[in-house]
Visitor: 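First, the structure itself, so that you have it in front of you.
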Amino acid sequence: MIRRLRTLAHGLRIGRTEVRRDWRAFKRDRIRLALLAGAGLFGTLYLGLMTLVVQSRTAELAARADPSLPPIVGLLVTLLWLSSTALFGQRAAIRTVDIDNPALLLTSVRPSAVTIGVLVAEELRALAFAALPVGILGVGFVTGADTAVPIATVPVATVLFLTSSVCCGYAVGAAVAVLSRRVRWKTAHVAGGLGLLGAVAAAGVMAELSTTLELATRLPTSWYADLFVIGTPIAASPYRVVGAVLGTLVVALAGGSVTERFAMQLWTDGAGTDGAVRRSPATSEQPRPFARLRGRIDRPTRYVAWRSVQRAKRDLTRVSHLGLPLLVGVWLVVDLAQTSAGRSLLPIAVGLLGSWFVGGCLTLNPLGDDGAALPATVASPVDGHQFVGGTALMSAIVGVPLLVATVGAVSAATYALPIAVGLALWAGVHGSAAIGIALALGMQFPRFGAIRVSRRRNVVPPSLSAIAIYSMVVLSLGTLGSGAVVGSRLLLGDSAVSTIGWAASVLVWLALEGGVGYGCYRAAMRRFNQYTLE
């Protein structure tokens, strides 16, 4: 018993130390702090409006003769739990399960203490981000229910909800991380991504079918809704409340045990199935990167492009920072396509999402992706034109044509031929500009490693500053560009003079956006030529 208490104390201390390191690193990144402050201000205004809605709905529900929880609440809680679990699982599979200096750390404390520390740290991070929305929406719930009991029950329910989600997500993520290291070409990540996409699709089907609402109330994940409303005029099932509390304890113990088992394999045997490092067969032949482009593109540029593709091919987690937003975007696009009013916006949505992905797929952290090879790259004869061009090559010759073809096909099925051609041109120019913007921001805000005990050494995600600024700039430019193509056509009409004026305005806008992309591309080249290792 004393040993278990000591292990728990060590785990809590490790988790607290992790969060303190994160906070210190966060305070040193002023750009990230400013972005988060702006997002918090915008979120506060939005949540303030939502609070009024929650207050009115809660008061309306509490005033009923039989104030029982609507089935839709259980469905929403279930979907929220699935989404958060998928997020934690992705974080665990990418970087958070790994620890620095496992030989030193595991000889100092028990592995179970390290596992507890990793889970506690993630729980505290999640609570830090959930405190603002839960607090603001909780005010509306408390005032609508006309009782002060939720002031105590809502925080408890939030902690239990996140505890079960973190433990389940990390158990699955640790298992995926082990499989991804033991399966060639990272097949486990592909299977995990397909499984996550299937879960999102299933959740969408559940939201569409009214017959699943009653089923959703019977799922254990919906029991947290009863825990939220306990002590209010809204009737809560005491059995579900007890089941939510006891179920969280069981999930925490089981998830922690599974996480520890797979994490130990990562910490002590990260090389392969039998502990031996895989070695590629020896060969005296030099790689021939993209031999079909020989004569049109010089060899250093082709080699940089080949190396970036090989890095992503061997470890798909290099592009995982785009995975969850891409899935959410695809889900929204599918929902948009199911409505008659949203079909007219479908080509624009596909163009925005596709440009954002094509631009940021391989280009948001070119210096950090080089890793240990960066000193050799900087000291080599490769100049900025070759390095930046090679990094953008595959996105430009593969991603942009696919984007143009997709947007053109969707536009042809939605709009008249002139607008479809204009949207296809817009998609090509915007996708190319997104590549240049991503390169410039990736060079300006590189990331070479995470300042924490738990991280992936071989995969360094782009900095939050680069991702946030890139997303805002690309989506803003894309929205303006699509408005210039579609909106101006609808306003000017179909006459010959109007068509000429519309075409001129579209070409002017595309030239401006292309100039922005080319300017960012040149800025990335200058940044690489001026870059020095300190």
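Basis for what follows: all heavy atoms, side chains included, without hydrogens, waters or symmetry-related copies.
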Visitor: CD1 of I437 to CD1 of I469: how many Å apart, nearest 0.5 Å?
Guide: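 Reported to 0.5 Å precision, the distance equals 11.5 Å.
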Visitor: May I have the step-by-step check of side chain to side chain donor-acceptor pair (under 3.5 Å) for S222 and T78, ending in yes or no?
Guide: CA-CA 5 Å; S222 67; T78 298; 4.7 Å; no
Visitor: What are the two closest non-hydrogen atoms of T163 and E123, and how far apart are they?
Guide: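 Residues T163 and E123, closest heavy atoms: OG1-OE2, 3.0 Å.
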Visitor: First locate atom CZ of F228, then atom CZ of F161, and finally report the distance between them rounded to the nearest 0.5 Å.
Guide: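 Answer for the CZ-CZ pair, F228 versus F161, is 7.0 Å.
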Visitor: State the CG-CG distance between L475 and L477, to the nearest 0.5 angstrom.
Guide: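 Rounded to the nearest 0.5 Å, the CG-CG separation comes to 9.5 Å.
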Visitor: Return the minimal non-hydrogen interatomic distance between F141 and V54, and the atom names on each side.
Guide: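 Where F141 meets V54 most closely, the heavy atoms are N-CG1, 3.8 Å.
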Visitor: Under the side chain to side chain donor-acceptor pair (under 3.5 Å) rule, collect the residues that match up with T85, sequence neighbours excluded.
Guide: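 Side chain to side chain donor-acceptor pair (under 3.5 Å) check on T85 returns S165.
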Visitor: Quick one: pull up CD1 in I467 and CG in N365 and give me the separation to the nearest 0.5 Å.
Guide: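 So the gap between those two atoms works out to 9.0 Å.
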Visitor: Kindly determine whether L353 and L326 satisfy side-chain contact (heavy atoms from CB on, under 4.5 Å), including the steps that lead there.
Guide: CA-CA 8 Å; L353 184 62; L326 181 64; 4.0 Å; yes
Visitor: Do T479 and S476 have side-chain heavy atoms sitting under 4.5 Å apart?
Guide: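 No, their side chains stay 4.5 Å or more apart.
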Visitor: With a 3.5 Å distance limit and no angle check, can you tell me whether T51 reaches the backbone of I136 through a side-chain donor-acceptor pair?
Guide: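 The answer is yes, because a donor-acceptor pair under 3.5 Å joins these two groups.
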Visitor: Check whether any side-chain heavy atom of V486 lies under 4.5 Å from a side-chain heavy atom of I419, and answer yes or no.
Guide: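 In contact.
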Visitor: Return the CD to CG distance between E18 and L124, rounded to the nearest 0.5 Å.
Guide: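 Separation between the atoms: 10.5 Å.
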Visitor: V149 versus I230: any side-chain heavy-atom pair under 4.5 Å?
Guide: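 Of all side-chain heavy-atom pairs linking I230 with V149, none is under 4.5 Å.
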Visitor: Would you say that V77 contacts T221 through its side chain, given a criterion of any heavy-atom pair below 4.5 Å between the two side chains?
Guide: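 Counting from C-beta outward, V77 and T221 never come under 4.5 Å.
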Visitor: side-chain contact (heavy atoms from CB on, under 4.5 Å) for V474 and H430? Distances and angles first, verdict last.
Guide: CA-CA 8 Å; V474 169; H430 186 56; 3.6 Å; yes
Visitor: Within the distance-only criterion (no hydrogens, no angle test), does the side chain of Y415 pair as donor or acceptor with the backbone N or O of S344 below 3.5 angstrom?
Guide: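 Checked: pair present.
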Visitor: Does any non-hydrogen side-chain atom of W509 lie less than 4.5 Å from one of L480?
Guide: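 The answer is yes, as the side chains (C-beta and beyond) meet within the 4.5 Å cut-off.
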Visitor: CG/L132 to CG/L137 distance, rounded to the nearest 0.5 angstrom?
Guide: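 Between L132 CG and L137 CG, I get 9.0 Å after rounding to 0.5 Å.
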Visitor: Taking all non-hydrogen atoms of both residues, which atom of T147 and which atom of P233 are closest, and how far apart?
Guide: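 Heavy atoms only, the tightest pair is CG2-CD, 4.3 Å.
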Visitor: Donor-acceptor pair, S257 side chain versus L253 backbone, under 3.5 Å?
Guide: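 Answer holds: no.
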Visitor: Considering all heavy atoms of both residues, which atom of L162 and which atom of A130 are nearest to each other, and what is their separation?
Guide: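 Minimum heavy-atom separation between L162 and A130: CD1-CB, 4.3 Å.
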Visitor: For residues 348-357, which residue pairs qualify under side chain to side chain donor-acceptor pair (under 3.5 Å), counting only residues two or more places apart or in two chains?
Guide: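 Applying side chain to side chain donor-acceptor pair (under 3.5 Å) to every pair that reaches into residues 348-357, excluding sequence neighbours, yields W356-S471.
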Visitor: Checking S164 against T248: is there a side-chain donor and acceptor pair closer than 3.5 Å?
Guide: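 Short answer, no.
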Visitor: Search all heavy atoms of W426 against all heavy atoms of G478 and return the closest pair with its distance.
Guide: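 Smallest heavy-atom distance, with atoms named: CZ2-O, 3.4 Å.
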Visitor: Run the numbers on L160 and V245 for side-chain contact (heavy atoms from CB on, under 4.5 Å), then give the verdict.
Guide: CA-CA 7 Å; L160 294 177; V245 176; 4.0 Å; yes
Visitor: Do the side chain of Y470 and the main chain of G360 share a donor and acceptor less than 3.5 angstrom apart?
Guide: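 The answer is yes, because a donor-acceptor pair under 3.5 Å joins these two groups.
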Visitor: Looking at R261, R110, M264, E260, which one forms a side chain to side chain contact (heavy atoms under 4.5 Å, CB included) with T115?
Guide: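 Running side chain to side chain contact (heavy atoms under 4.5 Å, CB included) over R261, R110, M264, E260 with T115 returns exactly one hit, E260.
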Visitor: Can you tell which of L352, L423, L346 makes a side chain to side chain contact (heavy atoms under 4.5 Å, CB included) with V407?
Guide: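 It is L423; the other options fail the test.
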Visitor: List the atom of A171, the atom of G255, and the distance in Å for their closest heavy-atom pair.
Guide: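 Minimum heavy-atom contact is CB-O, 3.9 Å.
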